[in-house]
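The structure under discussion appears below in the form of structure tokens.
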Amino acid sequence: MNAIADGVISEGLPNKHLMQFWYVCDPRSMVKHQQNNGGSMRVNRAEFAFQKLAEGLVQSRATDFFPRFVERLATILEVDHVLIARVKEPGQAETLAVWSEGQLVGNIQYPLLGTPCETVIGYKACIYPSNVQELFPKDLLLQKMGVDSYLGLPLQDATGRSLGLLAVMKDIPMQFEKFEEEVLRIAALQIESEIARIDAEQAAKASEKRLLTLLDHLPGMAYQRLNNTHWSMKVASNGALALTGYTPDKLIDQPSFFLRHIIHESDRLYVLNEIQKSIFQNNSYTLVYRIVTEKNKIRWVQDAGQVVCDNDQNGIFLEGFITDITEQHEAQRVKDVVFKIASTVTTRQGDGYFHQLLKNLTQLLDADVGFIGEFEDADGLIGVGDELFESNARVMNTISVVAEGEPLLSRSAVIEGSFFEKILHAREGVVNAGANVKFLGIDRKVDAWIGRRLDNAEGQPIGIIVLLYYQPLETNSLATSVLRILSSGAAAELLRRRNHKYIHQLAYEDTVTGLPNRVHFIEKLSLLLSEAAEKEAMLALILLDIRRFKEINDNHGHFIGDQILQSVANRLRYVVEQGEVVARLSGDEFAVLLPFTEAQVITLAIERFCDAISAPIHIEHRSFTLNVSVGTACYPHDAVDSGELFQDASIALYHAKQQEKTVSIYDPVMTLVLKRQQEMIERLNEAIENNNLELYYQPQVDLKTGRLTGAEALCRWFDQEWGWVSPSEFIPLAEKRGLILHLGAWVLKEAGHQLTEWLNSGYALPGRLSINISAQQFTDTELLNHIKHLLQGVRPEAIGLELTESDFMRDPEQTVLMTQALRAMGYSCSIDDFGTGYSSLSYLRRFSADTLKIDISFVKEILSNHHDRVIVQTIIAMADSLGMSTIAEGVETKDQAELLASMGCRQGQGYFYSPPLPASNFLEMWGRDMSLSA
């Protein structure tokens, strides 16, 4: 043991195959080595030790190899303890066998840190001849065993990887001679070999388990079957269930079951021939065929296998793996069909695309009938009835229909209750149960049909594509897949078609009534005029305007207004005759084009349209009776082109509305009047801007004393070219053309300036200056601010604002609020032309007016007309009872003035006292009553 010193094996010993310690040799070489050293006794002793060790190994089984081994080794080496341990985790040892004090003890796990075993793991063997507990005081195992000396050898595999350690220990100091060293070396090799065998066996079992697990989880079935006429299945993996629907036990040792019940009858001969060919040629095989599952479904499979032969090269087994390739197979078929369709559909837009697509689909997918349909929308895009289907599509109109290879006429079908209704909810439908179908002119049994919904980008249904089969289908996967792929393109084209139609409708149809709009009507007018010119025929343009339609919208809302317009449109549709064209041009204006041969035709047509519109319209428990204004012009009598004809008819309609006539036939004079009005409004606007208008003042006097009590400001206009323009002409025109607010503001401002100028000159108008306010001004929410601004510097008590009785009653509640506000500011209010309107006494009492002006029409005949005299007397009495004063307009004679005074009327104005005068003339005539110094 000189090679062992101080607990560490000498570094000069053989390589790691020799465990860096002892020679590796068989018994014969060891004997030779001992003889050369003159140690025959040692050889005999070594041979005895090896023999005993070998006997122990022969007697041991795989399960008790290590326990027998440590027992034999302890006996041979005469040691107290032997331990074999493996290191599977870093720093942890687990014993395989432990012999201690003449018996086997239980295996243990213990940490290597702080133990002599820690120094063994790796490539070094270590010996501690004595006092090992003192060297490793933390090793409780040494203390428990009472060990004094220790020898440990590392265990390694062929690659040098650490496996564990072999340790022998004595309770007293120990010395080893050479044969003992060789025994330990051979023992270590045996232990390493056994560990390697165990590891290999466990790895093989784990590999086999993984293989079986893999086979069971692969998408397919591994099999082994006998090469006999019955195809007896000996092995089938768990993948059989997913592949065939049968569990493995249903297939194993069931003669001919796989051949006769699973392989498709049309493919059996092919499979048998191909396998026999492979057996004859001793080749592997790869087959593609169909199988029938337990649920009678058709699946495509790939069978990849080989022949297992005996020593005489006779094929005894067939082993292989069957994979479901239905998806791949169908994908290729789908790809082929889609490619063929794509290459044969040459038209990419319009209905031609749908016709070609459907024809190819029915041919390549062996369908008997096919159709592509478009749904009608609930929003009226295409035209919807009163009842709506819950999916917002109620009716299906076919775009293309093919039956047995021939195109059919397009049809319409109600969706609700139809055989394809389910597609609206499920997006896709496949039905194999036979049913009688009455649709598209077909009345026979359909055994199967496949359909696909066509959606827009938001997922809303816009159409459908359906294939029908008179015979049952073995599988529907091909047709279903093809429809899924092609439906996106069909939906896109259908959406483009719908969008094109929608754009056309937006451009050419009225969205409320569905009638042609102005753009469409003008195009139609040009077309019919061209035809009339070629045929030397006549064409009438009739424009119809609903009177006071704005009031209906204002009072009842636009929803009711739209319903009335729809009713009018439907009535016009109903009464128009062949060749006539009706359209809606604007809010309440409709138009009709009427080919005619004599004037009476136009008259009768207008009566027809007016009668249709005038019948009461009932909406939401309300009844509306409409009146219309009609204007008409004719080609070629009134105009020679579409623009001129439309203009002339519009002028006639304008004339009818202004005159409140029902019908106005165009006359060239209407154009002259309209041109004068247009020029007048332009000149009037210019006159206001350039301050070319003038205020005249007509006095208001006390009927008893004749003294001045006030005046009324009246606007006058002198045009350099036209001369004096009557107020009865330009003021109503200003109201109609929206210029009255501008004109009214000028009057207020100018009246304020004149009062200020008189005041600065020492004159003041007794009472107040009356200024007329139009109805448009009175409804202006900013009127109070305008008056305050325009009359700045003028005392409110000096101003009286007049509004006609009819204007007061346009919006009585608004009038009450406005007059109260004006009175609160200090201004007085008068009701002008009283007696000509329809004032309510209750409202009259609430109005904050202090004066009633008796209309000139009653004063004019007061001396000779008893009724007028009674009316005037009544007005005066009513005013007195309400605490209001009265002013009589149009007093022209002394007798009228005296009679009015006797009736109790306090003031009057008229030509008896003075016509309206310019400011300077008014001051000259009435200055004495106005002078502040008088």
Side-chain angles (χ1 to χ4, degrees), residues 211-212 214-310 312-333 366 430 432-434 447-448 469 471-481:
L211 178 60
L212 292 175
L214 178 63
L215 290 176
D216 286 339
H217 288 81
L218 283 176
M221 181 186 83
Y223 69 87
Q224 183 186 73
R225 66 174 180 81
L226 296 176
N227 179 28
N228 56 22
T229 56
H230 300 298
W231 277 40
S232 300
M233 194 75 69
K234 307 306 293 182
V235 175
S237 68
N238 289 335
L241 180 61
L243 181 70
T244 67
Y246 298 100
T247 57
D249 60 291
K250 295 291 185 181
L251 305 179
I252 296 173
D253 293 330
Q254 299 294 324
S256 303
F257 186 85
F258 193 87
L259 178 64
R260 295 187 180 276
H261 296 284
I262 295 181
I263 297 179
H264 194 282
E265 60 180 353
S266 300
D267 295 340
R268 288 173 194 159
L269 184 60
Y270 157 75
V271 173
L272 287 171
N273 290 338
E274 290 298 315
I275 288 182
Q276 290 305 314
K277 186 188 299 183
S278 296
I279 293 173
F280 178 76
Q281 297 175 353
N282 197 18
N283 289 334
S284 60
Y285 54 86
T286 300
L287 308 177
V288 175
Y289 54 88
R290 287 168 292 178
I291 65 171
V292 182
T293 69
E294 185 267 339
K295 292 185 177 180
N296 207 34
K297 300 292 184 181
I298 307 297
R299 307 296 294 175
W300 285 89
V301 299
Q302 177 177 284
D303 186 347
Q306 63 181 1
V307 181
V308 178
C309 300
D310 58 16
D312 297 327
Q313 295 301 308
N314 294 319
I316 56 174
F317 286 110
L318 296 175
E319 295 179 339
F321 195 82
I322 302 176
T323 308
D324 188 335
I325 62 166
T326 303
E327 299 297 331
Q328 301 93 306
H329 189 270
E330 290 299 328
Q332 185 59 46
R333 292 182 67 197
D366 298 323
V430 179
N432 283 312
D447 273 301
Y469 296 84
Q471 301 298 326
L473 286 174
E474 281 191 354
T475 177
N476 55 55
S477 58
L478 175 61
T480 301
S481 299

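If you read the sequence from its start, that first residue is 1, and numbering goes on from there.
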Under the criterion side chain to side chain contact (heavy atoms under 4.5 Å, CB included), I'd like the reasoning laid out for V288 against V301: C-alpha separation, chi angles, the key distance, then a yes or no.
CA-CA 6 Å; V288 175; V301 299; over 6 Å; no
Taking only residues at least two apart or on different chains, which pairs with a member in residues 220-236 satisfy salt bridge (Lys or Arg N to Asp or Glu O under 4.0 Å)?
K234-D253
Determine yes or no for a side-chain-to-main-chain donor-acceptor pair under 3.5 angstrom, with D267 supplying the side chain and V271 the backbone.
no
Smallest separation among heavy atoms of V307 and N283, with atom names:
CG2-O, 4.1 Å
What distance do E274 atom CD and L269 atom CG have between them, rounded to the nearest 0.5 Å?
10.0 Å
Under a 3.5 Å cutoff, is there a donor and acceptor pairing between the side chains of D303 and Y223?
yes
Which heavy-atom pair separates P248 from S237 by the least distance, and what is that distance?
CG-O, 3.4 Å
Under 4.5 Å between any side-chain heavy atoms of L287 and Q302, yes or no?
no
Output for pair (K250 NZ, T244 OG1), nearest 0.5 Å, gives 11.5 Å
Pairs in or reaching into residues 276-295: which pass ring pair (Phe, Tyr, Trp, His ring centres under 6.0 Å), with residues at least two apart or in two chains?
none
Taking all non-hydrogen atoms of both residues, which atom of T326 and which atom of W300 are closest, and how far apart?
OG1-N, 2.8 Å
Under 3.5 Å, is there a donor-acceptor pair between the side chain of R299 and the main chain of T293?
no
Would you say I298 and V292 make side-chain contact, with heavy atoms under 4.5 Å?
yes
Decide yes or no for F257 and Y246: does some side-chain heavy atom of the first lie under 4.5 Å from some side-chain heavy atom of the second?
yes
Would you indicate whether R260, at its atom CZ, is surrounded by more than 12 heavy atoms from other residues, nucleotides or ligands within a distance under 6.0 Å?
no
Mind listing the closest non-hydrogen atom pair of L243 and T323 along with its distance?
CD1-C, 4.4 Å
For the residue pair S278 and S284, what are the closest heavy atoms and their distance?
OG-O, 3.8 Å
Going by heavy atoms in the side chains, are I262 and L251 under 4.5 Å from each other?
yes
With rounding to the nearest 0.5 Å, note down the distance linking CG in D324 to NE2 in H329.
11.5 Å
Quick one: OG on S232 to CD1 on I252, what's the gap to the nearest 0.5 Å?
11.5 Å
For M221 against A240, the heavy-atom pair lying closest together:
SD-CB, 3.3 Å
Between I263 and W231, is any pair of side-chain heavy atoms under 4.5 Å apart?
yes
Within-4.5 Å side-chain heavy-atom neighbours: V235 and F317
no
